[in-house]
Protein chains: 2
Amino acid sequence: MQQKPKRPRTRIEDIRRVELIDAAHRIFLKEGLRGLTSTKICSEAGLSQGILTYYFKDKEEVLFEMVRMNNRILANEIVLNLRRAHSGWERLMALIDGNFPAQRFDKQAASAWVSLYAEASHNERYARLLRPYYRRLRSNVSSILRPYLEQDKIDHFNLGFAAMIDGLWLRRGHADIDLSLAQAKSVLIDYVEKALPHEVIRLLSEPN
Amino acid sequence: MQQKPKRPRTRIEDIRRVELIDAAHRIFLKEGLRGLTSTKICSEAGLSQGILTYYFKDKEEVLFEMVRMNNRILANEIVLNLRRAHSGWERLMALIDGNFPAQRFDKQAASAWVSLYAEASHNERYARLLRPYYRRLRSNVSSILRPYLEQDKIDHFNLGFAAMIDGLWLRRGHADIDLSLAQAKSVLIDYVEKALPHEVIRLLSEPN
DNA sequence: CAAAATTTTGTTAAAGCGTACAAAAAATTG
DNA sequence: CAATTTTTTGTACGCTTTAACAAAATTTTG
């Protein structure tokens with residue numbers, strides 16, 4: 001297992017890598033995973049095509065870094081929102097907000113991410129990439145509900161909660177419906193309110 | 001607009017078309033939309049590769065016929081289930097059963113169909129293919145609930161219902177979770193029971 | 001300005017679709 | 001029923017896209 005000899009990163013190298021990752025992100029949003037080709041990434045970045053494999057091992061490395069970058073941003077936003085929350089209920093709402101970022105819940109983004117999810121079910125490497133996101137979601141929900149519910153009830157709730165989030169994103173990607181952010185959130189909040197026992201909701205609402 | 005001159009279908013032609021569609025279906029389930037190539041379809045069918053465009057316009061026609069075939073089968077099953085039902089509630093359960101066919105709710109099928117849905121959000125021709133399915137679902141739900149709920153409440157319910165179905169299928173396609181048919185249905189039934197007002201459920205349960 | 005880093009250009013190889021054509025089989029006709 | 005035509009089946013090839021790499025050119029740096 002020969003590792004690539006790592007020299008210290010130059011400023012230019014860091015700049016180019018970010019430029020390429022950003023370009024990849026724009027192409028990805030516009031054309032989905034299938035439309036993401038090396039040539040397009042490079043020309044979107046205003047660089048010539050061969051440059052990609054100078055700074056990255058291959059196209060997948062660019063894509064993977066892009067996904068990781070997005071996961072990081074999302075996770076940070078959620079952490080911030082969670083910090084601001086003063087009750088379990090507010091923390092749940094923070095999770096919902098985090099999973100439906102106002103600036104990014106549009107048809108393009110939804111289509112693009114669904115295309116990645118689709119690939120992940122046929123390709124373990126892609127699946128691994130998405131796992132941190134799901135793990136974090138589950139662990140966040142669990143830690144909020146643990147004081148009030150047994151673990152198997154939490155798991156059941158979690159399944160429905162995660163499925164609903166995914167399903168709403170999937171529906172958002174479809175052209176014939178026009179699903180607004182408000183609608184999506186309202187459906188999800190509705191679900192949370194009704195899926196959790198009243199007693200739990202009452203307890204969650206108390207500030208702490 | 002020159003139409004293709006249509007000769008009468010020979011027996012052989014019908015046989016080959018079905019063979020190719022079936023082969024395409026097997027490949028599709030195994031490898032998803034991305035893995036579905038003309039060459040694989042033909043060799044899976046035990047025929048040589050050029051034959052595909054002799055019996056079909058192109059690869060997409062095979063795929064589209066495959067999807068239509070599936071839609072037909074699904075729709076027929078649902079109609080049968082609906083006929084057997086004796087109350088609104090049973091009709092709702094029939095819809096759920098129809099959308100989670102025991103023989104077909106597996107990881108392979110889920111992954112494959114999600115890959116088609118992903119493509120549909122970037123390609124209008126694919127999107128059109130899926131529309132009948134959604135229309136039918138919505139119209140079925142509406143006709144069951146119309147006597148008891150205003151249209152906008154029905155639409156709201158419908159959105160969550162459809163999203164939950166899609167979401168559960170999407171989660172089924174992921175390797176790290178092992179979502180059983182029973183679990184999926186239980187989450188969905190739970191949702192229905194809680195999202196609809198008690199009064200409506202009571203009325204739905206009355207035989208008619 | 002020489003060495004190193006960066007970028008561009010061009011090439012190669014693989015995959016995949018669709019078409020052109022060849023071969024075989026079946027049907028038709030004199 | 002033999003010759004001819006038509007239909008059916010199968011193969012081969014060309015075109016395009018794309019990723020990856022190599023080599024050459026340019027720019028930067030010490």
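Labels below follow one simple rule: chain letters A, B, ... track the order of the sequence lines, proteins then strands, and each chain is numbered from 1. The analysis underlying the following values was restricted to heavy atoms, covering all of them including side chains, and did not include hydrogens, waters or symmetry mates.
For residues 106-122 of chain A, the side chain to side chain donor-acceptor pair (under 3.5 Å) pairs, not counting sequence neighbours, are A/Glu119-B/Arg34. Sorted by first and then second residue, the side chain to side chain donor-acceptor pair (under 3.5 Å) pairs involving residues 71-83 of chain B (not counting sequence neighbours) are B/Glu77-B/Arg104, B/Asn81-B/Arg84. Applying the salt bridge (Lys or Arg N to Asp or Glu O under 4.0 Å) test to residues at least two apart or on different chains, the pairs with a partner in residues 158-167 of chain B are A/Arg171-B/Asp166.
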Just the atom pairs and distances: protein N or O near nucleotides 13-16 of chain C's N or O, under 3.5 Å.
none

Could you run down the sub-3.5 Å N/O contacts of the protein with nucleotides 26-29 of chain D?
none

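Using a distance-only test at 3.5 Å, with no hydrogens or angles considered, no donor-acceptor pair links the side chain of A/Ser43 to the main chain of A/Gly46. Here the side chain of A/Arg172 pairs a donor or acceptor atom with the backbone of A/Leu179 at under 3.5 angstrom.
Only at 4.0 angstrom or more do the heavy atoms of residues 112-128 of chain A sit from any atom of DNA chain C, so none qualifies. Listed by residue number, the members of residues 42-49 of chain A with any heavy atom below 4.0 angstrom from DNA chain C are A/Leu47, A/Ser48, A/Gln49.
The CG-C1' distance, from A/Asp58 to D/dT18, rounds to 13 Å in whole Å. The distance from atom CD of B/Glu60 to atom C1' of C/dG18 is 13 Å, rounded to the nearest whole Å. If you measure from atom CG of A/Asp14 to atom C1' of C/dA5, you get 15 Å, rounded to the nearest angstrom. What separates OH of B/Tyr54 from C1' of D/dG10 is a distance of 12 Å, to the nearest Å. Distance A/Glu31 CD to D/dT18 C1': 14 Å, rounded to the nearest Å. For the pair A/Leu33 CG and D/dT18 C1', the interatomic distance rounds to 14 Å; values are reported in whole Å. One interatomic measurement links the two molecules: CG of B/Leu52 to C1' of D/dT8, which rounds to 15 Å at whole-angstrom precision. Atom CD1 in A/Ile51 sits roughly 14 Å away from atom P in C/dA5 (whole-Å rounding).
Partners of B/Ala195 by side chain to side chain contact (heavy atoms under 4.5 Å, CB included), not counting sequence neighbours, listed by chain and number: B/Phe157, B/Tyr191. Every side chain to side chain contact (heavy atoms under 4.5 Å, CB included) that A/Arg125 has, sequence neighbours left out, goes to A/Glu60, A/Phe64, A/Asn123, A/Arg128. Listed by chain and residue number, B/Ile78, B/Leu82, B/Leu95, B/Arg136 satisfy the side chain to side chain contact (heavy atoms under 4.5 Å, CB included) test with B/Asn140 (two or more places apart in sequence, or in another chain). In terms of the side chain to side chain contact (heavy atoms under 4.5 Å, CB included) criterion, residue partners of A/Ala112 (sequence neighbours excluded) are, by chain and number, A/Phe28, A/Leu29.
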Chi angles and distances behind the side-chain hydrogen bond (donor to acceptor under 3.5 Å, both in side chains) call for A/Asn99, A/Tyr133: CA-CA 10 Å; A/Asn99 279 282; A/Tyr133 162 75; 2.5 Å; yes
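Look at A/Lys194 and A/Asp190 and you find a salt bridge, because one of the NZ, NE, NH1 or NH2 atoms lies within 4.0 Å of a carboxylate O, short of that distance. The pair B/Glu61-B/Arg17 meets the salt-bridge criterion, since a charged nitrogen lies less than 4.0 angstrom from a carboxylate oxygen.
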Residues 144-155 of chain B side chain polar contacts: donor-acceptor under 3.5 Å, at least two apart:
unit_1, atom_1, unit_2, atom_2, d
B/Gln151, NE2, B/Asp155, OD1, 3.1

